[in-house]
Chemist: 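For reference, the structure I am asking about is given below.
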Amino acid sequence: MEKPSIPQGTRDFGPAQVARRQHIFGVIRRTFEQFGYAPIETPTLENLSVLTGKYGDEGDQLLFKVLNSGNFLVKERRGEITPLVTADDLAQGPRAVLPKIAEKGLRYDLTVPFARYVAMNRATLTFPFKRYQMQPVWRADRPQRGRYREFWQCDADVVGTDSLLCEAEIVLMMAQVLNGLGLVDFTIKINHRGVLRNIYQALGSEGKETDLFVAIDKLDKIGRDGVTKELLEKGFSDAAIDTLFELLTVGGGYAKKLQRLLAGFVTAGVEPDSQRPGPQEPTDEADDSADAYYRGLNELAAVRDLLQASGFTQFNRLEFDPTLARGLSYYTGCIFEVKINNVAMGSVSGGGRYDNLTGAFGLPDVSGVGFSFGVDRLYDCLEELELFPAGTGTLTRVLLAQFDAASLAAGLPLLAQLRAAGVPAELYPDAAKLKKQFQYADQKGIPYLLLAGPDERAAGQVKLRDMRAGQEQLLSVAEAVAVLSQAQ
RNA sequence: GUAGAUAUAGCUCAGCUGGUUAGAGCGCCGGAUUGUGAUUCCGGAGGUCGUGGGUUCGAGCCCCAUUAUUUACCCCA
């Protein structure tokens with residue numbers, strides 16, 4: 001006999017787990033809808049051409065590819081057999097073979113399919129277009145703590161506007177969901193690709209930009225010494241590394257850090273990368289820093305102002321972290337990441353602005369910004385912190401016991417009556433021993449049991465048992481239905 | 001892809017320097033109670049010790065291989 005199993009990194013969810021997951025989905029869905037996002041769904045399968053090249057080399061390797069249907073090795077036409085994969089292809093390796101045998105893949109995230117959707121439906125969409133999407137995604141990653149090969153993401157994105165109000169509302173939604181789930185000890189980290197680029201420029205633009213970002217993103221994990229070591233290996237100079245830590249170790253709150261970085265950039269002679277918005281008034285030539293305008297720093301300041309004006313109060317949970325450098329290469333503006341404190345778990349949410357994501361699908365110059373919740377990680381955090389509301393997972397309120405053929409016949413109309421009254425009810429399907437039927441109700445956590453055996457029927461009544469209290473009372477059918485429909 | 005750990009009953013795990021018939025808790029089944037769960041008491045079933053080799057008089061235990069699971073790295077929700 002074959003032992004049943006499921007693929008690595010996938011899970012079954014039983015009724016109790018699904019109930020808890022639905023709770024998470026519900027909080028997220030309500031929040032997204034409150035902010036005006038509309039749900040869409042996209043196919044599990046995308047053409048590989050849509051997916052490849054969007055997530056970097058690492059990402060391409062983590063894509064699940066789907067083998068072409070039929071005989072993917074040869075093409076047979078009028079008895080003539082042509083090999084689809086040649087010896088040449090095989091000699092060249094997987095890169096040459098793959099496109100010949102697989103043209104579809106499982107979606108890797110929800111952002112790229114969304115960009116594809118926007119590009120395809122541009123004519124019918126009203127911009128700015130706000131959508132949310134809650135679907136599973138797949139990554140051929142090696143599973144470990146908080147990391148699965150199949151997991152659910154809940155994305156909210158808006159395309160077609162540059163407004164920083166979107167960024168501010170992302171913070172509002174993140175906070176609302178986490179508060180709603182009871183995960184109140186969280187930190188929303190925010191940074192800006194522009195700030196990272198300015199830091200790179202402040203170091204004299206030596207070495208590779210991505211090497212720098214990858215290294216400083218690990219600062220809180222491997223510490224200053226670890227980052228220094230990694231940067232030296234990547235060919236950065238001691239002087240550059242010193243400058244880097246002068247910039248990164250600026251203390252203070254959100255606004256203070258912005259100020260200090262601004263001063264740091266000016267001192268380092270970083271070229272302003274943007275125009276001051278609004279009317280161009282003549283400025284005081286004597287003060288250089290008043291003229292210095294850096295898009296990253298200024299947008300971060302604007303987001304903070306918008307949050308304040310929106311009545312956001314949890315600024316102690318919002319941290320401007322100039323070391324946050326979050327992977328996905330398509331981000332160009334603000335970037336976000338959310339950590340739950342006191343839990344050994346990676347980020348539960350992340351996102352950012354991408355100025356030209358739909359460009360890859362023939363729709364250039366459309367700015368988008370969005371973020372994603374990882375439901376499975378939220379679940380793991382809630383479980384670890386024991387924050388799930390108590391509940392049995394069953395929705396059934398009452399179980400009708402079955403005694404014999406007569407009680408079955410009498411039970412069916414009663415069952416219909418209960419359901420019509422809005423009471424989730426079930427009738428035990430067999431005339432089993434009462435002990436067994438009681439155990440069934442007990443194990444499922446059904447709070448009431450309705451007994452209508454020969455004795456009760458003779459008296460024209462039913463017996464209602466409260467399973468938790470262990471008490472029974474004899475009632476008329478109408479009274480029992482009334483009690484059950486009220487005792488919600 | 002790299003490195004480590006683990007694999008014994010349905011589940012969680014014991015199992016001594018290698019030595020008779022491999023144990024516990026929980027769960028499951030039956031009974032005490034032929035109209036009453038959770039609680040209590042009594043009884044019972046269930047394991048070719050992941051798989052394949054090897055060492056040994058003898059292997060759950062030691063060695064090799066293999067598969068699966070898991071943790072960390074890379075990267076990420």
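Below, chain A is the first sequence line, B the second, and so on; all start at residue 1. Just so it is clear, the structure is predicted and the values come from calculations on it, not from any experiment.
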Chemist: Assign V375(A) to base, sugar-phosphate, or nothing according to its heavy-atom contacts below 4.0 angstrom with the strands shown.
Modeler: nothing
Chemist: Under a 3.5 Å threshold, yes or no: a donor from one side chain and an acceptor from the other, between R353(A) and S367(A)?
Modeler: yes
Chemist: Calculate the interatomic distance between D442(A) atom CG and G37(B) atom C1'; express it in whole Å.
Modeler: 5 Å
Chemist: Given C76(B), G35(B), C75(B), identify the nucleotide with an atom nearest to the side chain of K218(A).
Modeler: C75(B)
Chemist: If you measure only the distance, is there a donor-acceptor pair under 3.5 Å linking the side chains of D211(A) and Y200(A)?
Modeler: no
Chemist: Side chain of M467(A) only, heavy atoms from C-beta on: which candidate in G37(B), G35(B), C75(B) is closest?
Modeler: G37(B)
Chemist: Of the candidate nucleotides G35(B), C73(B), G31(B), which contains the atom at the shortest distance from the side chain of K221(A)?
Modeler: C73(B)
Chemist: So which nucleotide does G19(B) pair with, by the Watson-Crick or G-U wobble rule with both distances under 3.5 Å?
Modeler: C57(B)
Chemist: Over how many whole Å does the gap from Q437(A) atom CD to U33(B) atom P extend?
Modeler: 21 Å
Chemist: Looking only at the side chain of R142(A) (C-beta and beyond, no hydrogens), which of the listed nucleotides C75(B), G1(B), U36(B) gets closest?
Modeler: G1(B)
Chemist: With heavy atoms under 4.0 Å as the rule, sort D376(A) into base, sugar-phosphate or nothing.
Modeler: nothing
Chemist: Using a 4.0 Å heavy-atom cut-off across all strands, classify S347(A) as base, sugar-phosphate, or nothing.
Modeler: sugar-phosphate
Chemist: If pairing requires Watson-Crick or G-U wobble contacts with both distances under 3.5 Å, which nucleotide is the partner of G44(B)?
Modeler: C28(B)
Chemist: Assess, by modelled atom type and distance only, whether the side chains of T187(A) and N341(A) contain a donor and an acceptor separated by less than 3.5 Å.
Modeler: yes
Chemist: Over all strands shown, is R377(A) touching base, sugar-phosphate only, or nothing at heavy-atom distances under 4.0 angstrom?
Modeler: base
Chemist: Ignoring the backbone of F438(A), work out which of C74(B), G37(B), G35(B) is nearest its side chain.
Modeler: G37(B)
Chemist: What's the closest nucleotide to the Q144(A) side chain, out of U71(B), C75(B), C28(B)?
Modeler: U71(B)
Chemist: Who does A9(B) pair with, Watson-Crick or G-U, both distances under 3.5 Å?
Modeler: none
Chemist: Distance check, P atoms only: G1(B) and U12(B), in whole angstrom units.
Modeler: 28 Å
Chemist: Could you tell me how far C41(B) sits from G10(B) if I compare only their P atoms? Round to whole Å.
Modeler: 26 Å
Chemist: In Watson-Crick or G-U wobble terms, both distances under 3.5 Å, what is the partner of U34(B)?
Modeler: none
Chemist: Can you check the I188(A) CD1 to A77(B) C1' distance for me, whole Å?
Modeler: 16 Å
Chemist: Partner of C73(B) by Watson-Crick or G-U wobble geometry, both contacts under 3.5 Å, or none?
Modeler: G1(B)
Chemist: With both distances under 3.5 angstrom, what nucleotide forms a Watson-Crick or G-U wobble pair with U51(B)?
Modeler: A65(B)
Chemist: Of the nucleotides C75(B), G37(B), G35(B), which one has an atom closest to the side chain of L451(A)?
Modeler: G35(B)
Chemist: Mark yes or no: R29(A) above the aromatic ring of Y132(A), with NZ or CZ under 6.0 Å from the six-membered ring centre and no more than 45 degrees from the axis.
Modeler: no
Chemist: Find out whether R149(A) and F64(A) are in side-chain contact, i.e. whether some heavy atom of one side chain is under 4.5 Å from a heavy atom of the other.
Modeler: yes
Chemist: Decide yes or no, distance alone: a donor-acceptor N/O pair under 3.5 angstrom between the base of U71(B) and the side-chain of R145(A).
Modeler: no
Chemist: Check the distance between G37(B)'s P and K436(A)'s NZ and give it to me in whole angstrom.
Modeler: 13 Å
Chemist: When you compare G19(B) with C26(B), how far apart are their P atoms, in angstrom units rounded to a whole number?
Modeler: 28 Å
Chemist: Provide the Watson-Crick or G-U wobble partner of A14(B), both distances under 3.5 Å; none if there is no partner.
Modeler: none
Chemist: Is there a donor on the side chain of E472(A) or the base of U36(B) sitting less than 3.5 Å from an acceptor on the other?
Modeler: yes
Chemist: Can you see whether Y448(A) has R397(A) sitting over its ring - NZ or CZ less than 6.0 Å from the centre and within 45° of the normal?
Modeler: no
Chemist: From the options U36(B), A77(B), C73(B), select the nucleotide whose nearest atom is closest to the side chain of K463(A).
Modeler: U36(B)
Chemist: Consider only side-chain N and O atoms of Q176(A) and Q34(A), and report whether a donor and an acceptor are under 3.5 Å apart.
Modeler: yes
Chemist: For nucleotides G15(B) and G23(B), find the distance between their P atoms and express it as a whole number of Å.
Modeler: 15 Å
Chemist: Should the pair R139(A) and F151(A) be classed as cation-pi, given the thresholds of under 6.0 Å to the six-membered ring centre and 45° from the axis?
Modeler: no
Chemist: How far does the P atom of U2(B) sit from the matching atom of C16(B), given to the nearest Å?
Modeler: 34 Å
Chemist: Choose from G37(B), A77(B), G35(B) the nucleotide whose nearest atom is closest to any side-chain atom of R465(A).
Modeler: G37(B)
Chemist: Quick one: label Y440(A) by what it contacts on the DNA or RNA (base, sugar-phosphate, nothing), any heavy atom closer than 4.0 Å.
Modeler: nothing
Chemist: Indicate, with a heavy-atom threshold strictly under 4.0 Å, whether Q443(A) touches base, sugar-phosphate, or nothing.
Modeler: sugar-phosphate
Chemist: What distance, rounded to whole Å, do you find between the two C1' atoms, one in A22(B) and one in U48(B)?
Modeler: 13 Å
Chemist: Taking the side chain of K433(A) as heavy atoms from C-beta outward, which of C75(B), G31(B), G35(B) is closest to it?
Modeler: G31(B)
